[in-house]
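Since the structure comes first, as structure tokens, the remarks are kept for the end.
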There are 2 protein chains.
Amino acid sequence: MVTIKQIAQEVGISSSTVSIVLGGKAAERKISTATQEKIFAAAARLGYQPNMAARSLRGGSGANELVVAMFWAQDFRASMMFRFWDGLRAEIEKTARPVRLVIYPYVNDHLKESEALTSGANCHAAIICNASYADLQFLEDTQLPIPVVLYNRVCNGYCSVNVDDLKMGALAARAFADQGCRTAAVLTSSPVFEGMENRMHGFRLEGEQHGLTILANRYCENSIRGGYEAVSHRLRHEWKQQLPDAVFCGSSAIAHGALRAFCEAGYIDEKLPRLIAVGNGPEESDAFSIPSLSVVYLPMEDMARECIQLVLGQLDGRIATAESRLLPIEYVPRESCGPLTEYAAQ
Amino acid sequence: MVTIKQIAQEVGISSSTVSIVLGGKAAERKISTATQEKIFAAAARLGYQPNMAARSLRGGSGANELVVAMFWAQDFRASMMFRFWDGLRAEIEKTARPVRLVIYPYVNDHLKESEALTSGANCHAAIICNASYADLQFLEDTQLPIPVVLYNRVCNGYCSVNVDDLKMGALAARAFADQGCRTAAVLTSSPVFEGMENRMHGFRLEGEQHGLTILANRYCENSIRGGYEAVSHRLRHEWKQQLPDAVFCGSSAIAHGALRAFCEAGYIDEKLPRLIAVGNGPEESDAFSIPSLSVVYLPMEDMARECIQLVLGQLDGRIATAESRLLPIEYVPRESCGPLTEYAAQ
DNA sequence: ATGAAAGCGCTAACAT
DNA sequence: ATGTTAGCGCTTTCAT
């Protein structure tokens, strides 16, 4: 790393002059044009880049600023980042304290390689989202230098914010049963964390309890296209003779693709199977699709709020032990599946 | 701001011991439990937070890291942030150099208050998105200490990345004309930058040239709900007797709301007016809606790539003067409006 | 078991 | 027109 000192040596001049020139104050300090040119030339030649840490330290700016890292897996879930990020931002805005939120995209199973997390030299605390099984294992085995909050994951010794995943699935099953469905299919990506398995498990358990026959599952990609292709394919094969009465989708995106595929094949209005998704996309997209999408709503913004509070609580020392928060979820009936009736209460 | 030194004074001990204890190295350095407790107590009492700048500087971590700020207006456009952010991220990933991308949400007309931009102590360069007229005025009047690239805006003395906004509107008008439309409406939010005005202006000019009658405009909110409400309202009033043949929407979101409103009112298939939107949302949403949405595609990811290149070029000194890049746009016909035929070639 | 001192890279006050 | 020096807050090495 090239420093101002090295440029000074190179040019044969003091480092303060270099600082003045590179800081754009050459005119007011009346540095000779010759010197300026030599300095700029050397800086360019050596590829000088100012060290931001030194600048901030010296300038005192951001000294009492809290830096919070948000780790988000950089894969198909990337597009779901916004709702969560915006939730964090909104909550931070309400805080008196100045907080800088920094996104750290990471690759699943490689969380351990993130220096920001392990060195403690970049941020005061971290919120980790989308951790894989391996990432959780790493966390459990490691004593990190900064407080951490897990989003949508459970891990020994860590604060976390979750929803009742079993119940998410159960709510969908109950709604289907209430609407008189007898057979149901599941459309989901291969599970990358326990919560997903639990959602599907809860769906199965509760469904069977209400006489719902649940068809064998086959995984699809977690995207609109993934849902579309999965349904298109099934319509030509397993579902050629007989459609299921209901379809439970692992994400809003999958559900929107499914809607489109059903529509293309002529299954609209009464002929469309009942559809419920885990509502993890933007609410408006679900509320204004054709038909609008019934969801078990994932309260991401509320979860983000809790994450911030857990982070601040730990930094303040108000929260000393691993504390887990479980947020309530609810079924939001729209056109793609009617409301809970008989099984509404619990 | 509380420092380690103050804690040391408070406890009556040297600052190095404090550092050791707060750094979690008390055990290996055999600091007495009494001292540890006193230190922790004082730290908590005074509300100590480590200064990250000092830590990074001392630790040497991230010394040659490039910090790039992305300024994004924190309003209705927030949800469009993701595509651009992801484009930047993707391009950064291809770069050999380590770059840290930091999002700075800001409020329109208040860009001038951002210290990160004016102090130069936080980032090496900035990409400014969604600047308002006042923000542009501020930029034009100010000599900033770091290189800046403007996204989708033009400003004297600044590098920028744009598309031909007049042509965006013109393409839509041509497509409508090609599809035999005679009357067209515009559905857009009130313009917050010149580009939006140009899009609408281009649409009008080209439309009139092809015999398209363009109905009087009334603004709506830039969201799905905004589009939905605008169309619902017009269907009860201006459009009660007679629908326009075509509707040009200022954003994908508006168009999806419009689709839903038309559908609810029974205007489907042939009865639905031709629809084209400025394609600024996630591509999948447009490609799989019912019907799928024809767009004049805004190449955000390509624009993000150019922004990064302009940033790096300026930092390297390869780009010394204000350089503007104009990216090509294209009309993507889908179900909501057919392809360009007669007017396809220019 | 604790303290003194040096130094990370930078800027600004104060010489000269 | 340029140089000397001090110090931002922190960690680490080396003494004691």
Discussion item. Measure CG/B/Leu57 against C1'/D/dC8 and give the value in whole Å, please.
Written reply: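 Whole-Å distance recorded here is 9 Å.
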
Practice prompt. Would you please name every residue forming a side chain to side chain donor-acceptor pair (under 3.5 Å) with A/Arg83, sequence neighbours left out?
Written response: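 With neighbours one apart ignored, the set is A/Tyr297, A/Glu301.
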
Discussion item. Run the side chain to side chain donor-acceptor pair (under 3.5 Å) test against A/Glu113 and tell me which residues pass, sequence neighbours left out.
Written reply: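 Once residues adjacent in sequence are excluded, the partners of A/Glu113 under the side chain to side chain donor-acceptor pair (under 3.5 Å) criterion are A/His110.
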
Discussion item. At 10 degrees resolution, what angle do the end axes of the helix from C/dA1-D/dT16 to C/dT16-D/dA1 form when each is taken over five base pairs?
Written reply: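 Taking the rotation axis at each end, their angle is 40°.
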
Worksheet item: In terms of the nearest nucleotide of DNA chain C, which residue is placed more toward the 5' end: B/Lys30 or B/Ala54?
Response: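 This one resolves to B/Lys30.
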
Worksheet item: Which sits closer to the 5' end of DNA chain C, A/Asn51 or B/Thr35, going by the nucleotide each is nearest to?
Response: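 Nearer the 5' end of the strand: B/Thr35.
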
Worksheet item: For A/Ser32 and D/dT2, is the shortest distance between a side-chain N/O and OP1 or OP2 below 4.0 Å?
Response: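 Looking at the OP1 and OP2 atoms of D/dT2, one of them is under 4.0 Å from a side-chain N or O of A/Ser32.
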
Worksheet item: Once each nucleotide of nucleotides 11-16 of chain D is scored for protein heavy atoms under 4.0 Å, what B/S/- sequence comes out, 5' to 3'?
Response: BBBB--

Practice prompt. Using the test side-chain contact (heavy atoms from CB on, under 4.5 Å), find all partners of B/Ile146 that sit at least two apart in sequence or belong to another chain.
Written response: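 With neighbours one apart ignored, the set is B/Leu117, B/Cys123, B/Ala126.
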
Worksheet entry | Listed partners of A/Phe82 passing side-chain contact (heavy atoms from CB on, under 4.5 Å), at least two apart |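 With neighbours one apart ignored, the set is A/Trp85, A/Asp86, B/Ala78, B/Ser79, B/Met81.
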
Discussion item. Distance alone, cut at 3.5 Å: any donor-acceptor contact between the side chains of B/Gln74 and A/Glu93?
Written reply: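 Yes, A/Glu93 and B/Gln74 have a side-chain donor paired with an acceptor closer than 3.5 Å.
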
List, one per line, each side-chain donor-acceptor pair under 3.5 Å for residues 26-35 of chain A, sequence neighbours excluded.
unit_1, atom_1, unit_2, atom_2, d
A/Ser32, OG, A/Thr35, N, 3.2
A/Ser32, OG, A/Thr35, OG1, 2.6

Fill in: Residue pairs involving residues 143-159 of chain A (criterion side-chain hydrogen bond (donor to acceptor under 3.5 Å, both in side chains); sequence neighbours excluded)
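Every pair satisfying side-chain hydrogen bond (donor to acceptor under 3.5 Å, both in side chains) with a residue in residues 143-159 of chain A: A/Glu140-A/Asn156.
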
Discussion item. Considering only residues two or more places apart or on different chains, which pairs with a residue in residues 2-12 of chain B satisfy side-chain hydrogen bond (donor to acceptor under 3.5 Å, both in side chains)?
Written reply: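 Only B/Glu10-B/Arg45 qualify under side-chain hydrogen bond (donor to acceptor under 3.5 Å, both in side chains).
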
Worksheet item: Hey, where on DNA chain C does chain A first and last touch, going 5' to 3'? Cut-off is any atom under 4.0 Å from a heavy atom.
Response: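 Using the under 4.0 Å cut-off, the span is C/dG9 to C/dC14.
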
Worksheet item: Under the salt bridge (charged side-chain N to carboxylate O under 4.0 Å, His left out) test, which residues partner A/Arg305, sequence neighbours left out?
Response: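 Partners of A/Arg305 by the salt bridge (charged side-chain N to carboxylate O under 4.0 Å, His left out) criterion, ordered by chain and then number, come out as A/Asp302.
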
Discussion item. Going by salt bridge (charged side-chain N to carboxylate O under 4.0 Å, His left out), name the residues that satisfy it together with A/Asp109, two or more places apart in sequence or in a different chain.
Written reply: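 Testing A/Asp109 for salt bridge (charged side-chain N to carboxylate O under 4.0 Å, His left out), a comparison that skips the adjacent residues, returns none.
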
